[in-house]
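The structure appears below as structure tokens.
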Amino acid sequence: MRSIHFIIFILFLCIFFPSCKEKENRAEENSTTDTTQYIMTPEFYDFDEINAGDIVGYTFTLKNVGKSNLIIKDVKTDCPCTTIELQKKSINPNDSCKIDIEFNSAGRNGFQMKEIRIFANVKNGVIKLPFSAIVN
């Protein structure tokens with residue numbers, strides 16, 4: 001009878017403690033990766049027709065409409081022809097940030113579709129800034 005109680009006790013421990021640890025891990029993960037919401041204006045930009053060799057620029061506006069700071073962790077472009085300049089890397093709730101982009105069309109021809117990816121604490125972890133141009 002004693003061995004049955006011992007086995008039940010061990011099974012109880014095996015079932016109960018892993019789930020407690022899992023809840024702790026989830027709570028810890030949520031506290032370090034609070035996500036926020038944003039509005040990007042505009043969501044897409046078209047430079048329309050430009051001449052080969054032109055360097056064109058545009059300024060996007062990123063607004064934090066969530067309740068936590070929007071933290072920009074990294075920025076990637078899909079082409080060395082594109083540069084980006086951030087006004088700041090942490091955006092307070094209800095605050096905005098200007099994002100200046102520059103596209104160098106040298107060596108390009110025809111329709112160009114480019115994308116800048118901003119890695120931040122938002123849903124899916126990335127904010128995409130697509131733009132296009134037709135290079136003549």
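Predicted model, so just to flag it, every value in this text is computed and none were measured.
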*Does Lys76 have any salt bridge (charged side-chain N to carboxylate O under 4.0 Å, His left out) partners at least two apart in sequence or in another chain, and if so, which?*
Asp74
*Partner residues of Thr83 under the side-chain hydrogen bond (donor to acceptor under 3.5 Å, both in side chains) criterion, sequence neighbours left out*: none
*Could you pull out all residues at least two apart from Lys128 that satisfy side-chain hydrogen bond (donor to acceptor under 3.5 Å, both in side chains)?*
none
_Show the nearest heavy-atom pair for residues Ser90 and Asn69, with the distance to one decimal._
OG-ND2, 3.7 Å
*Out of Leu62, Leu86, Thr36, which residue meets the side chain to side chain contact (heavy atoms under 4.5 Å, CB included) rule with Ile91?*
Leu62
_Show the nearest heavy-atom pair for residues Pro93 and Gly66, with the distance to one decimal._
CB-O, 3.3 Å
*Given a cutoff of under 4.5 Å between side-chain heavy atoms of I, L, V, M, F, W and Y, with clusters grown through shared members, what are the other residues clustered with Ile71?*
none
*asked:* Testing the basics here: between Ile127 and Ala120, what is the closest heavy-atom pair and its distance to 0.1 Å?
replied: CD1-CB, 4.4 Å
*Side-chain cluster (under 4.5 Å, hydrophobic types only) that Val65 belongs to, other residues*: Ile39
*Which residues satisfy the side chain to side chain contact (heavy atoms under 4.5 Å, CB included) test with Glu49, sequence neighbours excluded?*
Ile134, Asn136
*asked:* Nearest 0.5 Å, please: how far is CD1 in Ile116 from CD1 in Ile101?
replied: 4.5 Å
*asked:* If I take atom CZ from residue Arg117 and atom CG from residue Leu129, how far apart are they, to the nearest 0.5 angstrom?
replied: 10.5 Å
*Can you name the nearest heavy-atom pair linking Ser132 to Phe44, along with the distance?*
OG-CZ, 3.3 Å
_Derivation and outcome, side chain to side chain contact (heavy atoms under 4.5 Å, CB included), residues Asp78 and Lys114_ = CA-CA 7 Å; Asp78 62 357; Lys114 303 296 177 192; 3.7 Å; yes
*side chain to side chain contact (heavy atoms under 4.5 Å, CB included) between Ile99 and Val75: does it pass, once the steps are laid out?*
CA-CA 11 Å; Ile99 301 172; Val75 178; over 6 Å; no
*Atom SG in Cys97, atom CG in Leu70: separation rounded to 0.5 Å?*
9.0 Å
*How far apart are the closest heavy atoms of Ile50 and Ser105, and which atoms are they?*
CD1-CB, 3.7 Å
_Residue pairs involving residues 82-92 (criterion salt bridge (Lys or Arg N to Asp or Glu O under 4.0 Å); sequence neighbours excluded)_ = Lys88-Asp95
*asked:* So, using side-chain hydrogen bond (donor to acceptor under 3.5 Å, both in side chains) as the criterion, who are the partners of Ser96 when residues are at least two apart?
replied: none
_So, using side-chain hydrogen bond (donor to acceptor under 3.5 Å, both in side chains) as the criterion, who are the partners of Asp54 when residues are at least two apart?_
none
_For the CG atom of Asn92 and the CG atom of Asn94, what is their distance to the nearest 0.5 Å?_
9.5 Å
*Got a second to check how far Ile55's CD1 is from Asn104's CG, nearest 0.5 Å?*
4.0 Å
_Walk me through whether Cys79 and Arg108 qualify under side chain to side chain contact (heavy atoms under 4.5 Å, CB included)._
CA-CA 11 Å; Cys79 173; Arg108 310 268 171 219; 3.0 Å; yes
*With rounding to the nearest 0.5 Å, note down the distance linking CG in Asn121 to OH in Tyr38.*
11.5 Å
*Which pairs, with at least one residue in residues 66-110 and sequence neighbours excluded, count as a ring pair (Phe, Tyr, Trp, His ring centres under 6.0 Å)?*
Phe103-Phe131
*May I ask you to list the residues sharing a hydrophobic cluster with Val126, side-chain cutoff 4.5 Å, ordered by chain and number?*
Phe119
_Could you work out, with ring pair (Phe, Tyr, Trp, His ring centres under 6.0 Å) as the rule, every residue matching Phe60, not counting sequence neighbours?_
Tyr58
